[in-house]
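Chain A is the first sequence line, chain B the second, and so forth, proteins listed ahead of strands; every chain is numbered from 1.
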Number of protein chains: 2
Amino acid sequence: MLNNSQYIEKLRSSGLRPTKQRIKICEVLFNTHKTFHFTINELVKRISKSTNDKISLATVYNTVHAFKNKGYLKEIPINSDQSYFDTNTSHHHHFYDETQKDLIDIDDADVEPVKINTRIPGKKIKSVEVLVKVEDDKS
Amino acid sequence: MLNNSQYIEKLRSSGLRPTKQRIKICEVLFNTHKTFHFTINELVKRISKSTNDKISLATVYNTVHAFKNKGYLKEIPINSDQSYFDTNTSHHHHFYDETQKDLIDIDDADVEPVKINTRIPGKKIKSVEVLVKVEDDKS
DNA sequence: TTCTACATTATAATAGTTCTAAACTGTTGA
DNA sequence: TCAACAGTTTAGAACTATTATAATGTAGAA
């Protein structure tokens, strides 16, 4: 749980000007004990619920991308018509429930480290992400 | 390498009517010794190179989705502004080169089996996909 | 306080994908 | 073989997520 001055510090430390709108977005994203997944659409809804000020879609996109580039948010690779983001930036993986269209964290401790026994010359590994697709078990 | 009657059989066996357009799409997708990755855009280009008939975008989308649902194509989970598909439906994983925006197969033998030590009640695992993002090694 | 560079905003533009409705064509049954 | 039907193709419009634009606003330094 962070207060405003901590959001300001967080923004400044990553080279972003702490504007009114960005602080509001911080509040929605980080003022919770639990991390969560969201699409831009859902984020805009959360924001408009928690404030009477209107924040434009463009600002939300710009800010989310800035946070993503700074490592404050992670984008989750998944085939969908829209992008999913995660406020949990620690190393972990995901279940994707294809029936409910729902994303669920897999604790890193519940996944054995993934060993890749091959490399691409001149490239370094940036991330290893596991997506486990699940569906209703009708058997 | 399949001939036309084999495409027809392939289409019929999956409940699709073997129309001229679908056979042409089959030729482009499956008439090669190597599997490959593609976006719809790239597929349309390949098709128009190999025939003078024009196949509409809608037909390509419909057919690719039908093949995906039947398991003849796999969709690769990756964050991109467009969907990637794979004609290699065997179990394997991918490198995604973020510098070149290029997808590269990882042979299944080069990835230690991924062990997930947790389950979601009432759900069964449909697939486990590993995406290894790489970038140029400047170190 | 004033100035300047950066932010915000509404809106337009873009691009991938899906929808629609009319024309067309495999397939089935006579 | 052929007519009729149901599924298919098609062009283009519509839709949706995202990005670009350009005018207006504002944070922060002097």
Side-chain angles (χ1 to χ4, degrees), chain A residues 4-5 7-28 37-48 51-70 73 75-85 101 103, chain B residues 4-5 7-28 37-48 51-70 73 75-85 101 103:
Chain A
N4 271 21
S5 66
Y7 294 143
I8 292 172
E9 188 47 43
K10 194 174 171 102
L11 287 163
R12 273 195 210 290
S13 69
S14 56
L16 294 172
R17 257 193 204 170
T19 62
K20 200 172 62 199
Q21 293 86 345
R22 283 176 177 164
I23 288 169
K24 172 51 69 184
I25 294 172
C26 278
E27 283 171 9
V28 173
H37 307 127
F38 64 92
T39 62
I40 296 290
N41 222 337
E42 290 162 0
L43 180 59
V44 168
K45 279 186 204 156
R46 278 172 185 257
I47 290 169
S48 61
T51 183
N52 291 321
D53 300 344
K54 191 178 174 314
I55 299 184
S56 85
L57 197 54
T59 300
V60 177
Y61 271 100
N62 292 342
T63 307
V64 165
H65 283 151
F67 282 160
K68 181 191 132 192
N69 291 337
K70 291 297 174 184
L73 293 174
E75 191 168 6
I76 304 171
I78 198 173
N79 289 116
S80 172
D81 48 353
Q82 51 197 317
S83 297
Y84 278 82
F85 295 90
K101 307 275 179 214
L103 266 173
Chain B
N4 271 21
S5 67
Y7 295 143
I8 292 173
E9 187 47 44
K10 196 177 170 105
L11 286 163
R12 272 197 212 288
S13 69
S14 56
L16 294 172
R17 261 194 203 170
T19 62
K20 200 173 62 197
Q21 293 85 347
R22 283 177 177 161
I23 289 169
K24 171 52 68 183
I25 294 173
C26 278
E27 283 172 10
V28 173
H37 308 126
F38 64 92
T39 63
I40 296 289
N41 223 337
E42 290 162 0
L43 180 58
V44 167
K45 279 186 204 158
R46 278 172 185 256
I47 290 169
S48 62
T51 183
N52 290 321
D53 300 344
K54 191 177 173 315
I55 298 184
S56 85
L57 196 55
T59 299
V60 176
Y61 271 100
N62 292 342
T63 307
V64 165
H65 284 150
F67 282 160
K68 181 191 133 193
N69 291 336
K70 291 298 174 184
L73 294 173
E75 192 168 6
I76 304 170
I78 198 173
N79 289 118
S80 172
D81 48 353
Q82 51 197 315
S83 297
Y84 277 83
F85 295 89
K101 308 275 180 216
L103 266 173

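Atom-to-atom, CG of A/N79 to P of C/dG16 comes out at 16 Å; the value is rounded to the nearest Å. Here the P atom of nucleotide C/dC24 and the CZ atom of B/R17 are 17 Å apart, to the nearest Å. As a whole-Å value, the separation of B/Q82 CD from C/dT14 C1' is 13 Å. Distance A/L11 CG to C/dT8 P: 10 Å, rounded to the nearest Å. To the nearest angstrom, P of D/dA11 lies 10 Å from CG of B/L57. As rounded to whole Å, 17 Å separates atom C1' of C/dT8 from atom NZ of A/K24. The interatomic distance linking B/N62 (CG) with C/dT17 (P) rounds to 13 Å, in whole Å. Between B/K68 atom NZ and C/dT18 atom P the separation is 9 Å, expressed in whole Å.
For the pair B/L73 and B/F38, the minimum side-chain heavy-atom distance is below 4.5 Å.
The shortest distance between the side-chain N/O atoms of B/H65 and the OP1/OP2 oxygens of C/dT17 is not below 4.0 Å. The side chain of B/Y61 places no N or O atom within less than 4.0 Å of a non-bridging phosphate oxygen (OP1 or OP2) of C/dT18. Considering only side-chain N and O atoms, A/Q21 lies under 4.0 angstrom from the phosphate OP1 or OP2 of C/dT9. Residue A/R22 places at least one side-chain N or O closer than 4.0 Å to OP1 or OP2 of C/dA7. Side-chain N/O atoms of A/R12 include one lying less than 4.0 angstrom from OP1 or OP2 on D/dG28. Between A/K54 and C/dA10, a side-chain N or O to OP1/OP2 separation shorter than 4.0 Å is present. In this structure, B/S83 reaches the C/dT17 phosphate: one of its side-chain N or O atoms is under 4.0 Å from OP1 or OP2. Taking 4.0 angstrom as the limit, B/S56 places none of its side-chain polar atoms (N or O) nearer than this to OP1 or OP2 of D/dT9.
The shortest non-hydrogen separation linking A/H37 to A/E42 is O-OE1, 4.0 Å. Of all the heavy atoms in A/R22 and A/L11, the pair that sits closest is CB-CD1, 4.0 Å.
Residue A/T19 is in sugar-phosphate contact alone, with no base atom involved, counting any heavy-atom pair closer than 4.0 Å across all strands shown.
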